[in-house]
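On a predicted model such as this, the values are computed, not experimentally measured, just so you know.
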Amino acid sequence: MAPPIALIALGFGYRMEIAIVAFACVWPVLIVTRAAVGGIEPRLIEVARVLRLTQLDRIRKIVLPAALPRIVLAFRLAAGIALIVAVTVEIAINPLGLGAGIMTAQQALRPDLMLAYLVWIGVTGFALNAALTAAQQTLFGRAALTDDNA
């Protein structure tokens, strides 16, 4: 359930839902990004020092290209978490949306409508993951499929 202070500040509705979903999604992205940057081959950083690259050039030429495939993977993970948390928040505190529709169908004893909502959520999640996977493979090719640091 949402914290009372957040409920007072944001009220019921989309603002509260967006705040909770954003809070839930930012942590996996930060953790995976930190791990991706920390997992960069130390020899690459050494080469940057030898070449006397500035900090901005190190980030632009070494860190970002090395870590970006895993960062995009973190966004795929966050998209799945966002869908799950959004539906859960709609069940708990937002009177609008798919989660509220599931609860309304349950209370109206309409299992067919509940199943339709659940199928729609599943199709949406599958399509979102497929689109992000295709974008990841288009942008990074084989680097998107392999993880040498794991």
Not counting sequence neighbours, which residues clear side chain to side chain contact (heavy atoms under 4.5 Å, CB included) with V50? List them please. E46
What residues, two or more places apart in sequence or in another chain, satisfy side chain to side chain contact (heavy atoms under 4.5 Å, CB included) together with D57?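 Result, side chain to side chain contact (heavy atoms under 4.5 Å, CB included) vs D57: L53, T54, R60, K61.
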Can you list the other members of the hydrophobic cluster that holds [X], where links are side-chain heavy atoms under 4.5 angstrom apart?
| X | result |
| --- | --- |
| L132 | L128 |
| V123 | L115, V119 |
| L30 | F23, V26, W27 |

Just so I know, are the side chains of [X] and [Y] near enough to count as touching, which here means a heavy-atom distance under 4.5 Å?
| X | Y | value |
| --- | --- | --- |
| I93 | I20 | yes |
| L118 | I102 | yes |
| M103 | E90 | no |

Working to the nearest 0.5 Å, report the span between CD1 of I71 and CZ of R76.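 Rounded to the nearest 0.5 Å, the CD1-CZ separation comes to 15.0 Å.
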For the atom pair CZ (R58) and CZ (R52), what is the distance rounded to the nearest 0.5 Å? 11.5 Å
Taking a hydrophobic cluster as the set of Ile, Leu, Val, Met, Phe, Trp and Tyr residues connected by side-chain heavy atoms closer than 4.5 Å, whether directly or through intermediates, do V87 and Y117 fall within one such cluster?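 Yes, V87 and Y117 fall within the same hydrophobic cluster.
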With sequence neighbours left out, what residues match W120 under ring-ring contact (aromatic ring centres under 6.0 Å, His included)?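 For W120 there are no ring-ring contact (aromatic ring centres under 6.0 Å, His included) partners, ignoring immediate neighbours.
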